[in-house]
**Student:** 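One structure, pasted below without further comment.
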Amino acid sequence: MRSIPKPTIRYHLKKTIVGIVFFFLWRALKSLYFMDSRVRREMNSWPEGFIIHMQASSTGPHLTFGMVSGKPARLSSWHDAQVHIRFKTLDSAFRLVTGQLGVEQAYAQHRFVLSGDIASTMSFVRCVDIAEAYLFPAFITRRILRAVPRKEHSSLAVYRRVIFGF
């Protein structure tokens, strides 16, 4: 009989970091919806009630949000999501959210499973690329993004809204 290995401190640390980054990714997308015209245009193209669910492995942290009453909203239920993105391992999600791996690279390496409308998912990826351009330093964004989007506002203004809210 094989025993299941006990999760290590490293596993719990990665799980915590991914959860924190998901929280701040949500705050960044919500802030950029009001600050950046490209993010607003992308999110406004999503139909009412459109829901995206991201999860880091089968037992890892998750983020669920969508468009409710014409505005982005974080949701608790992901069962009605039109797009599900599940990273195969916590390590893959950790590498992506810490800027060690780009979304395109993770997709090419089959590090996550996508179910749902790919066109809407690409719209979401464009929003994430813009958020990464604001949140990550230039040396990281040049490495993980094919083309670094120009900023409509300073990163400091975005950081202020993300950390302290509206």
**Student:** Got a second to check how far Arg95's CZ is from Thr89's OG1, nearest 0.5 Å?
**Tutor:**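 One gets 9.5 Å once the value is rounded to the nearest 0.5 Å.
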
**Student:** Side chains of Trp46 and Gln82: closer than 4.5 Å at any heavy-atom pair?
**Tutor:**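 A side-chain contact under 4.5 Å is absent here.
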
**Student:** Do Tyr134 and Glu152 make a side-chain contact, defined as non-hydrogen atoms from C-beta onward lying under 4.5 Å apart?
**Tutor:**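 Touching, per the 4.5 Å side-chain cut-off.
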
**Student:** Using side-chain heavy atoms (C-beta onward) and a distance below 4.5 Å, is Arg126 in contact with Arg38?
**Tutor:**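 Arg126 vs Arg38: side chains apart.
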
**Student:** Considering non-hydrogen atoms only, spot the tightest contact between Val128 and Leu29 and give its length.
**Tutor:**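 Of all heavy-atom pairs spanning Val128 and Leu29, the closest is N-CD2, 4.3 Å.
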
**Student:** May I ask whether Trp26 and Phe136 are part of the same hydrophobic cluster, defined by side-chain heavy atoms of I, L, V, M, F, W, Y residues being less than 4.5 angstrom apart, directly or through others?
**Tutor:**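 Different clusters.
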
**Student:** Hey, what do you get for CD1 (Ile52) to CD1 (Ile85), rounding to the nearest 0.5 Å?
**Tutor:**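 If I round to the nearest 0.5 Å, the distance is 6.0 Å.
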
**Student:** Taking the side chain as every heavy atom from C-beta outward, state whether Val18 and Leu90 have any atom pair closer than 4.5 Å.
**Tutor:**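 Yes; the side chains approach each other to less than 4.5 Å.
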
**Student:** Could you tell me which non-hydrogen atom of Gly70 sits nearest to which non-hydrogen atom of Tyr33, and how far apart they are?
**Tutor:**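 Closest approach of Gly70 to Tyr33: O-OH, 3.1 Å.
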
**Student:** How long is the straight-line distance from CG of Leu114 back to CZ of Phe87, given to the nearest 0.5 Å?
**Tutor:**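 Rounded to the nearest 0.5 Å, the CZ-CG separation comes to 10.5 Å.
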
**Student:** Apply the test side chain to side chain contact (heavy atoms under 4.5 Å, CB included) to residues Ile130 and Glu42: give CA-CA distance (whole Å), side-chain angles for both, the deciding distance (0.1 Å), then the verdict.
**Tutor:** CA-CA 11 Å; Ile130 293 168; Glu42 290 290 348; 5.7 Å; no

**Student:** Show the nearest heavy-atom pair for residues Leu32 and Ala131, with the distance to one decimal.
**Tutor:**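 Minimum heavy-atom separation between Leu32 and Ala131: CD1-CA, 3.5 Å.
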
**Student:** Give me the atom names and distance for the closest heavy-atom approach of Ser120 to Phe50.
**Tutor:**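 The answer is CB-CZ, 3.4 Å.
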
**Student:** Distance from Arg143 atom CZ to Thr141 atom OG1, nearest 0.5 Å?
**Tutor:**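 Nearest 0.5 Å value for the CZ-OG1 distance: 9.5 Å.
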
**Student:** Just verifying a value: how many Å separate Arg74 CZ and Lys30 NZ, rounded to the nearest 0.5 Å?
**Tutor:**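 Spacing of CZ (Arg74) from NZ (Lys30) equals 10.5 Å.
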
**Student:** Minimum heavy-atom separation for Ala28 to Val162, with atom names?
**Tutor:**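 Taking Ala28 first and Val162 second, the nearest heavy atoms are CA-CG2, 3.5 Å.
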
**Student:** Taking the side chain as every heavy atom from C-beta outward, state whether Leu135 and Tyr159 have any atom pair closer than 4.5 Å.
**Tutor:**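 Answer yes - side chains close enough.
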
**Student:** Spell out, yes or no, whether Ile20 and Tyr11 are grouped together once hydrophobic residues are joined by side-chain heavy atoms under 4.5 Å, including indirect joins.
**Tutor:**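 Same cluster: Ile20 reaches Tyr11 through Ile, Leu, Val, Met, Phe, Trp or Tyr contacts under 4.5 Å.
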
**Student:** How far apart are the closest heavy atoms of Gly66 and Leu75, and which atoms are they?
**Tutor:**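 Between these two residues, the closest heavy atoms are N-CD1, 4.0 Å.
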
**Student:** Start with the C-alpha distance between Arg111 and Lys88, add both sets of side-chain angles, then the distance that settles side chain to side chain contact (heavy atoms under 4.5 Å, CB included), and finish with yes or no.
**Tutor:** CA-CA 6 Å; Arg111 291 182 178 265; Lys88 292 181 178 179; 5.9 Å; no

**Student:** Check for me whether the distance between the ring centres of Phe124 and Phe65 falls short of 6.0 Å.
**Tutor:**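 Judged by ring-centre distance (under 6.0 Å), Phe124 and Phe65 do meet the cut-off.
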
**Student:** Any side-chain heavy-atom pair from Pro61 and Lys15 closer than 4.5 angstrom?
**Tutor:**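 They are in contact (side-chain heavy atoms under 4.5 Å apart), so the answer is yes.
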
**Student:** Using 0.5 Å steps for rounding, measure from the CZ atom of Phe34 to the NZ atom of Lys71.
**Tutor:**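 Phe34 CZ to Lys71 NZ: 5.5 Å, rounded to 0.5 Å.
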
**Student:** Taking the side chain as C-beta and beyond, is there a heavy-atom pair between Phe94 and Gln100 under 4.5 Å?
**Tutor:**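 Phe94 vs Gln100: side chains touch.
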
**Student:** Heavy-atom count around Lys151 NZ within 6.0 Å, excluding the residue itself: above 12?
**Tutor:**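 Enclosed.
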
**Student:** Tell me whether Ile163 at atom CD1 has more than 12 heavy atoms from other residues, nucleotides or ligands lying less than 6.0 Å away.
**Tutor:**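 For Ile163, atom CD1 is crowded (more than 12 foreign heavy atoms under 6.0 Å).
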
**Student:** Is there a path of hydrophobic side-chain contacts, each under 4.5 Å between heavy atoms of I/L/V/M/F/W/Y residues, joining Val158 to Val21?
**Tutor:**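 Yes, Val21 connects to Val158 through the hydrophobic network.
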
**Student:** Walk me through it: do Met54 and Phe112 pass the test side chain to side chain contact (heavy atoms under 4.5 Å, CB included)?
**Tutor:** CA-CA 10 Å; Met54 284 180 35; Phe112 60 87; over 6 Å; no

**Student:** Are Val39 and Val68 grouped together when hydrophobic residues (ILVMFWY) are joined by side-chain heavy atoms under 4.5 angstrom apart?
**Tutor:**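 Different clusters.
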
**Student:** Identify whether Val125 and Ile140 are in the same connected component of the hydrophobic contact network (ILVMFWY, side-chain heavy atoms under 4.5 Å).
**Tutor:**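 Per the 4.5 Å side-chain linkage, Val125 and Ile140 are not co-clustered.
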
**Student:** So do the side chains of Leu96 and Val103 get within less than 4.5 Å of each other, counting heavy atoms only?
**Tutor:**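 Yes. Closest side-chain heavy atoms under 4.5 Å.
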
